[in-house]
Amino acid sequence: MSKYLSIGAAGGTAALLGLAFTAAGTFITPIPDVPIRGPIDVPTEAAIVNASATVEPETVDNAPAETASTTVLTAPSEAVTLAKLGLGRAALPEEVTAWDLDVRPDGLGLPEGQGDALVGEPIFEENCASCHGSFAEGVDNWPKLAGGNDTLDREDPLKTVGSYWPHLSTVWDYVNRSMPFGNAQTLSPDDVYAITAYILYSNDLIEDDFVLSKDSFLEVEMPNADGFILDDRAETEYAVWSSGAPCMTDCKENVEVTMRARVLDVTPQEEGAEPAPAAAIAPAEETVVTTIAKAVVEAEAEPVVEPAAEVVEVAAADPALIAAGEKVFKKCSACHQVGEGAKNKTGPILNGVMGRVAGSTEGFKYSKVFGEFNDQGLVWTEETMSEFLSNPKGYAKGTRMSFRGLKKPEDLKAISAYLGSYTE
Amino acid sequence: MSDIHKPSRRAVLAGGAAIAATSAAASGPDPLITEVQDWAQITGEGVDATPYGLPIEFEEDVIRRNVEWLTADTISSINFTPIHALDGTITPQGCAFERHHSGAIELKKEDYRLMINGMVDQPLIFTYADLERFPRENHVYFCECAANSGMEWAGAQLNGAQFTHGMIHNMEYTGVSLRTLLNEAGIKPEAKWIYVEGADASSNGRSIPMDKALDDVLIAFKANGEALRKEHGYPVRLVVPGWEGNMWVKWLRRIEVTDMPVESREETSKYTDTLANGISRKWTWTMDAKSVVTSPSPQSPIKHGPGPLVVTGLAWSGNGAIKRVDVSIDGGANWTTARLAQPGQKMAMTRFYLDIDWDGSEMFLQSRAIDDTGYVQPTKTQLREVRGLNSVYHNNAIQTWWVRDTGEAENVEVS
């Protein structure tokens, strides 16, 4: 404990960091009101302190021999800061403003702006619905944002903004800083207010004309606001099963299998492999693991880029351009996959997209506009792809793709080259 | 059932007599010995063939693995450390599990900035080079995702220690103590919390109470002696010893000193624990003591038949150091204290061994960790009695592997 206490130096640095990390478990209780000393008024010349004057008695033996020129900043055995080193620089107000975006439960941090659910609906549809569903009901494994009322004490509770989230600030803050997935920090405060209002409306928590702003923010009541307690494991668990010496012999009469992993059979296995039957276990030499490992390695060994001859007819197979395109594609990879083993995700597989008719990936449910493109026989070339990607919403009105587009001509060229390197 | 013998008997075994009894007699001269092999004749690779070495191809199955059905997308997902195939305690970075909320980003040291703002005397900006000028510390700590073993709440589900217990790694970190940096900015007296946030698109952020922040939290830039890997937060991550991995913010860009928690998404809607009555625990930061037998296990079956067998595993506690690990081969009816390879270190993994003479009959292998606070790793039944069935996080229950007479092992639950 004492190692964090005072390393007595000149001019009042003692008791600087007098907070000790006490016994396990105590830090899960409410934070004690231990005073923390703030400003440290150390003259600059005191920032470098002589070792022998500052090291605690028991570590003195380990200190280097004192010489006239030896100054050390810390004790040799424990790096305990003695004084400010004067490193770093002052943060400018505009830098703090740019990064300090978090919003607290009391609303501190909310900017000016407003929005209601009516305004929010199309914004949600455009930016959020491809993963969270038009009614915030969730698509595939993506989070459901609405519903689940009164399910928390039942089997498989449905935890949504409405049923679980205790603070509205968390919704605003998360949408503002972390969403949309793959295109974060692009929404305006008004957009975020409107989306938040739409999510609340989808949970029947506000009317569609309730205008959400920093002023009305605290009027919204979150149903599960009182549904949380602080960690109580120390009282409810530790005391129960850690009292007394653990049993060593004859601790139970019968040992019977009550549940088996092979019955559920959800362990990842090589595609196409027969699941191991519960009764007949495979011989040790052919374990599940070796088959998985083989599958992974084989997949990686397959060349991803098809022979150059096929690439050339789509775009100049300039390896540098393809490599540049690979970087640009990171903006797309939240929703689209290419290469061996690619699957339709939020967006369709893009293998072979260049030179193909729009909206023709099998098994993908396109938005209406892509059906129209398909009917018209629109073919993806560098030109059409660039036109589309420079302004997706303008080019394909009503597309569910929430990507805002690529601005730089070199990025557009690169992405076409990169996509062209993946044939079917 | 097999005998569990004491180290002294083990010594006798190693002495010779017992080995002769259990080893198969050679059926003829071994050509690997009697014939000159390629590697004994032709030269191997020269230096610089691999400027940064990877494991030899024969170890290509010792890799991180993902469970696809767990998450919607690999960009916001998790994979698993192959703990069944590792030994010792240090996890190599290249196979240490990854957890991303918005993918692993590439952030150069030159582009790295760390801001400290909020209730401080002077808001500060540090570059990476600045961080390297503060006094450094070295510590080995485990980092465990709160969801490790989370898929096992409902019942035995995934067949392998990698999948049941692999959301964990244990590395030696080099970095600067957080208290050093907070001192540099000067904390105001009313400050009670810090909020830490990453630079990636997920903006993952967590609130940490000030007493922990000033205790042992580390601003780390090296792991196992080299730079952090991209997937672990290069160039700088937070290390929060003993506490759930989600708080170990990667690509750390900002530390805000506050008087109250932010109650971010990751500390309200996630990483909270719903009990049977629908009430949820929050701020369940500590990872309680836990252990698992890593071999034999479903991915690491016994291939050598009856006779000397090394049972080994890992134990760790977020409340302190592992003091003792007991192993049972009969499903928890009888226990034997295992040998710790090294004395337990605070909030770091401990390797344990139990050397047994396996008679070839089936076993129900379990391990039970005890830490220096006296905490005893519970059974899943004990956990369920307190928490109900709707938990996701903090499953630190005793694990059972059903080892068959073939040597094959399966993840099971026992009465």
Side-chain angles (χ1 to χ4, degrees), chain A residues 17 19 21 24 27 31 36 38-39 73-74 79 81 84 87-89 91 96 99-100 102 104-105 140-142 152-153 157 165-167 170 174 177-178 184 227-231 236-237 241-242 246 248-249 251-252 255-262 264 267-268 281 284 287 289 293 297 334, chain B residues 60-61 72 75 115 117 121 123-126 130 133 135 137 155-159 179-180 183-184 186-189 192 201-203 209 211 214-215 254 262-263 265 268-269 277-278 280-284 299 301 303 319 331 333-335 373-376 378 382 407-408 411-415:
Chain A
L17 299 168
L19 272 178
F21 179 45
F27 47 74
I31 308 311
I36 297 157
L73 300 170
T74 62
T81 306
K84 295 188 185 191
L87 295 170
R89 63 165 175 85
V96 173
W99 275 7
D100 187 357
D102 61 84
R104 310 195 317 191
D140 299 334
N141 255 357
W142 296 104
L152 296 180
D153 58 354
W165 293 37
H167 307 290
T170 314
Y174 190 70
R177 289 194 289 144
S178 310
F228 291 81
I229 55 169
L230 296 191
D231 186 353
T236 57
E237 298 185 358
W241 55 70
S242 301
M248 295 302 282
T249 52
C251 304
K252 43 175 115 165
V255 174
E256 279 168 22
V257 174
T258 54
M259 180 83 81
R260 300 181 55 180
R262 286 190 195 245
L264 279 168
T267 311
I281 292 171
T287 59
V289 184
V297 171
Chain B
E60 66 191 8
D61 62 331
I75 290 170
M115 178 186 289
N117 73 307
D121 299 328
L124 291 174
I125 303 285
F126 299 108
D130 291 334
R133 298 176 64 192
E137 298 182 15
Q157 184 155 228
L158 289 163
N159 216 13
R179 92 183 85 83
T180 301
N183 172 34
E184 198 71 13
I187 308 162
K188 290 197 185 292
K192 303 262 190 309
S202 78
S203 300
D211 57 354
L214 293 178
D215 177 34
R254 195 170 70 93
V262 167
E263 303 278 9
R265 177 200 188 236
T268 54
S269 77
N277 62 3
S280 305
R281 288 174 178 160
K282 68 173 186 176
W283 303 355
T284 47
Q299 296 163 289
K303 295 180 176 177
N319 280 315
N334 296 283
W335 295 87
T373 70
Y375 180 94
V376 182
Q382 284 177 308
E408 183 94 349
N411 175 14
V412 296
E413 282 183 17
V414 294
S415 55

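Below, read A as the first sequence line, B as the second, and so on, with proteins coming before strands; counting in each chain starts at 1.
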**Student:** Considering all heavy atoms of both residues, which atom of B:E184 and which atom of A:K84 are nearest to each other, and what is their separation?
**Tutor:**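 Scanning both residues completely, I find the closest heavy atoms to be OE1-CA, 3.3 Å.
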**Student:** Under 3.5 Å, side chain of B:S415 to main-chain N/O of A:E256, donor-acceptor pair present?
**Tutor:**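 A pair under 3.5 Å: yes.
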**Student:** Assess the residue pair A:V257 and B:E413 against the criterion (side chain to side chain contact (heavy atoms under 4.5 Å, CB included)); give the C-alpha distance rounded to whole Å, side-chain angles, the decisive distance to 0.1 Å, and a yes or no.
**Tutor:** CA-CA 6 Å; A:V257 174; B:E413 282 183 17; over 6 Å; no
**Student:** Show the nearest heavy-atom pair for residues A:M259 and B:A156, with the distance to one decimal.
**Tutor:**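 Closest pair (atom of A:M259, atom of B:A156, distance): CG-N, 3.3 Å.
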**Student:** Does B:S202 have any side chain to side chain donor-acceptor pair (under 3.5 Å) partners at least two apart in sequence or in another chain, and if so, which?
**Tutor:**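 B:S202 satisfies side chain to side chain donor-acceptor pair (under 3.5 Å) with B:D200 once adjacent residues are dropped.
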**Student:** Of all the heavy-atom pairs spanning B:V262 and A:P105, show the shortest one and how long it is.
**Tutor:**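 Looking at all heavy atoms of both residues, the shortest contact is O-CD, 3.4 Å.
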**Student:** Determine, step by step, whether A:D100 and B:N117 satisfy the side chain to side chain donor-acceptor pair (under 3.5 Å) criterion, reporting the C-alpha distance in whole Å, the side-chain angles of both residues, the deciding distance to 0.1 Å, and the verdict.
**Tutor:** CA-CA 8 Å; A:D100 187 357; B:N117 73 307; 2.9 Å; yes
**Student:** Look up atom OG1 in B:T284 and atom CG in A:L230, then write down how far apart they are to the nearest 0.5 Å.
**Tutor:**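 With rounding to 0.5 Å, OG1 (B:T284) is 10.5 Å from CG (A:L230).
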**Student:** Hey, could you give me the CG/CG distance between A:L87 and B:D130, rounded to the nearest 0.5 Å?
**Tutor:**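 Nearest 0.5 Å value for the CG-CG distance: 6.0 Å.
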**Student:** Under a 4.5 Å cutoff for heavy-atom pairs, which residue among B:N277, B:V412, B:V414 has the most contacts with chain A?
**Tutor:**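 Of the options given, most contacts go to B:V414.
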**Student:** For the CD atom of B:E263 and the CZ atom of A:F228, what is their distance to the nearest 0.5 Å?
**Tutor:**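 Reported to 0.5 Å precision, the distance equals 8.5 Å.
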**Student:** Distance check, rounded to the nearest 0.5 Å: B:W335 atom CH2 versus A:T249 atom OG1?
**Tutor:**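 If we round to the nearest 0.5 Å, B:W335:CH2 and A:T249:OG1 are 12.5 Å apart.
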**Student:** Among the options A:P157, A:P246, A:A184, pick out the one with the most heavy-atom pairs lying under 4.5 Å from chain B.
**Tutor:**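 Greatest number of close heavy-atom pairs with chain B: A:P246.
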**Student:** For the backbone of B:R265 and the side chain of A:T170, can you confirm whether one donor and one acceptor N or O come within less than 3.5 Å of each other?
**Tutor:**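 Not a single qualifying donor-acceptor pair exists.
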**Student:** Could you walk me through whether A:V96 and B:R254 pass side chain to side chain contact (heavy atoms under 4.5 Å, CB included), step by step?
**Tutor:** CA-CA 10 Å; A:V96 173; B:R254 195 170 70 93; over 6 Å; no
**Student:** Taking all heavy atoms of A:S242 and all of B:V376, pick out the closest pair and write down the distance.
**Tutor:**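 Smallest interatomic distance, heavy atoms only, reads OG-N, 3.0 Å.
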**Student:** Could you tell me the separation between the CD1 atom of A:I229 and the OG atom of B:S280, rounded to the nearest 0.5 Å?
**Tutor:**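 With rounding to 0.5 Å, CD1 (A:I229) is 8.5 Å from OG (B:S280).
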**Student:** With a 4.5 angstrom heavy-atom cut-off, is it the side chain or the backbone of A:W165 that approaches chain B, or both, or neither?
**Tutor:**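 For A:W165, the side chain is the part near chain B, not the backbone.
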**Student:** Shortest non-hydrogen contact from A:D231 to B:W283?
**Tutor:**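 Looking at all heavy atoms of both residues, the closest pair is CB-O, 3.5 Å.
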**Student:** Quick one: does B:S203's side chain have a donor or acceptor within less than 3.5 Å of a partner on A:R177's backbone?
**Tutor:**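 Checking the backbone N and O of A:R177 against the side chain of B:S203, a donor-acceptor pair under 3.5 Å is found.
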**Student:** About how many Å separate OH of A:Y174 and OG1 of B:T268, when rounded to the nearest 0.5 Å?
**Tutor:**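 Here the rounded value is 10.5 Å.
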**Student:** I need the minimum non-hydrogen distance between B:G331 and A:K252, along with the two atoms involved.
**Tutor:**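 For B:G331 versus A:K252, the nearest heavy atoms are O-NZ, 2.7 Å.
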